[in-house]
There are 2 protein chains.
Amino acid sequence: MSLEEGINLENTKAQMRKGLLEYCILSVISRQKAYASDILAALKKADLLVVEGTLYPLLSRLKNAGLLNYHWQESKSGPPRKYYELTVSGRNMLKQLDDTWKNLQSSINALLKTRL
Amino acid sequence: MSLEEGINLENTKAQMRKGLLEYCILSVISRQKAYASDILAALKKADLLVVEGTLYPLLSRLKNAGLLNYHWQESKSGPPRKYYELTVSGRNMLKQLDDTWKNLQSSINALLKTRL
DNA sequence: ACCAGCTACCTTTTTATACAAGGTAGTATA
DNA sequence: TATACTACCTTGTATAAAAAGGTAGCTGGT
């Protein structure tokens, strides 16, 4: 049985967020090394809700693309954590995404202005 | 055989654009009724490249969601065209997406600022 | 009166990926 | 030593973009 969601506001909002996920994750990690829960918390704070099932595969893809590295680190209160940090290649990617994001905002806002 | 695209700049840029497609299409149509080629041209002008195979199904979904109507209109130079326009419901959706887009920009830009 | 080319519509197939749900295991604490 | 908690990861499902191909109306040249 299909859920037949179709198009609605929540769905469309979610789509908008999705496209910016990679960019935001790289940005969060660029501040300082971070493990999954750190990233989830930072994104949540910015109203970019993401769940574990989305984040873990995405971190793996970013790692496989050579944009991230990780190292294990023990925790004082629980199992060891995988701390991610940006590679050189990751920093370059982030710089380019900064431009992309700026340009995208300009393009969209220009398109919207033609409505006035 | 898989193409094994993985993560790269072009792919990530494309993702960013995707999430904003519905919003932009509604915005373009809100200016004045438009048919597929009008919409493609407007999006292209804003560097939001989209192909027919993406646009037609999306217009159908927007129509089925009650956000758009269309009427046929003859052309002086070719086959008849399907001109789309926003329904009341479509205008409401667009208003809400305006807010969503503003909020999304604020959230992301706030997140990015913590890097400085 | 035909046919080549253009415009416009739409569908099918493939691929990517977000999310829900569930699974494994290390650590702390009562 | 058992329960709760944290952290990792995987599997299954649904959505949707894009590539490619298909149908048909209309125009203009011969």
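Chain naming here is simple, since letters A, B, ... match the order of the sequence lines and numbering starts at 1 in each. Note: hydrogens, waters and symmetry copies are ignored here, and every other heavy atom, side chains too, is used.
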Under 3.5 Å between N/O atoms: give me all the protein pairs with nucleotides 7-10 of chain D, atom names plus distance.
from, atom 1, to, atom 2, distance (Å)
D:dA7, OP1, A:Tyr35, OH, 2.6
D:dA7, OP1, A:Arg81, NE, 2.9
D:dA7, OP1, A:Arg81, NH2, 2.8
D:dA7, OP2, A:Tyr35, OH, 3.4
D:dA7, OP2, A:Ser37, OG, 3.3
D:dC8, OP1, A:Lys82, N, 3.0
D:dC8, OP2, A:Tyr56, OH, 2.5
D:dC8, O5', A:Tyr56, OH, 3.2
D:dC8, N4, A:Glu52, OE1, 3.0
D:dC9, OP1, A:Lys82, NZ, 2.2
D:dC9, N4, A:Glu52, OE1, 3.3

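- Here C:dA20 presents its P atom at 12 Å from CG of A:Asn11, a figure rounded to the nearest Å.
- A heavy atom lying under 4.0 Å from DNA chain D marks none of the residues of residues 93-109 of chain B.
- Looking at residues two or more places apart in sequence or on another chain, you find no side chain to side chain donor-acceptor pair (under 3.5 Å) involving B:Arg91.
- Members clustered with A:Tyr35: A:Tyr83, by chain and number, using a 4.5 Å side-chain heavy-atom cutoff among hydrophobic residues.
- Regarding B:Leu58, its CG atom lies at a distance of 14 Å from the P atom of C:dT11, rounded to whole Å.
- Atom pair A:Arg61:CZ and C:dA18:C1' shows a separation of 9 Å (rounding to whole Å applied).
- The CD atom of B:Gln15 sits 4.5 Å away from the CD atom of A:Glu22 when rounded to the nearest 0.5 Å.
- Side-chain contact between A:Leu55 and A:Leu21: absent, with no pair of heavy atoms (C-beta onward) separated by less than 4.5 Å.
- In this structure, B:Gln73 places its CD atom 12 Å from P of C:dA8, rounding to the nearest Å.
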Table please: side-chain donor-acceptor pairs of residues 62-77 of chain B below 3.5 Å, with sequence neighbours left out.
from, atom 1, to, atom 2, distance (Å)
B:Asn64, ND2, B:Ser60, O, 3.2
B:Gln73, OE1, B:Lys33, NZ, 2.7
B:Ser75, OG, B:Ser77, N, 2.9

Every protein N/O within reach of nucleotides 28-30 of chain D N/O, cut-off under 3.5 Å:
none

message: side chain to side chain contact (heavy atoms under 4.5 Å, CB included), that's the test. Do A:Arg81 and A:Asp38 meet it? Break it down for me.
response: CA-CA 11 Å; A:Arg81 301 168 175 175; A:Asp38 288 336; 5.9 Å; no
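- Residues B:Thr54 and B:Lys18 fail the side-chain proximity criterion, which asks for heavy atoms closer than 4.5 Å.
- Every side chain to side chain contact (heavy atoms under 4.5 Å, CB included) that B:Glu10 has, sequence neighbours left out, goes to B:Asn8, B:Lys13.
- Applying the side chain to side chain contact (heavy atoms under 4.5 Å, CB included) criterion to B:Gln105, with sequence neighbours excluded, gives A:Trp101, A:Gln105, A:Asn109, B:Trp101, B:Asn109.
- At least one side-chain heavy atom of A:Ile7 sits less than 4.5 Å from a side-chain heavy atom of B:Met93.
- Hydrophobic cluster of B:Leu49: no remaining members, since no ILVMFWY side chain lies below 4.5 Å from it.
- Regarding B:Leu59, its CG atom lies at a distance of 14 Å from the P atom of D:dA16, rounded to whole Å.
- Shown for residues 14-24 of chain A: residues whose heavy atoms fall under 4.0 angstrom of DNA chain D, namely A:Gln15.
- Between the P atom of D:dT15 and the CG atom of B:Asn64 lies a distance of 14 Å, rounded to the nearest Å.
- With sequence neighbours excluded, the residues satisfying salt bridge (Lys or Arg N to Asp or Glu O under 4.0 Å) with A:Asp98 are B:Arg115.
- By the side chain to side chain donor-acceptor pair (under 3.5 Å) test, B:Ser107 pairs with no residue at all, sequence neighbours left out.
- If you measure from atom NZ of A:Lys76 to atom C1' of D:dC5, you get 19 Å, rounded to the nearest angstrom.
- The CG-P distance, from B:Leu40 to D:dA18, rounds to 11 Å in whole Å.
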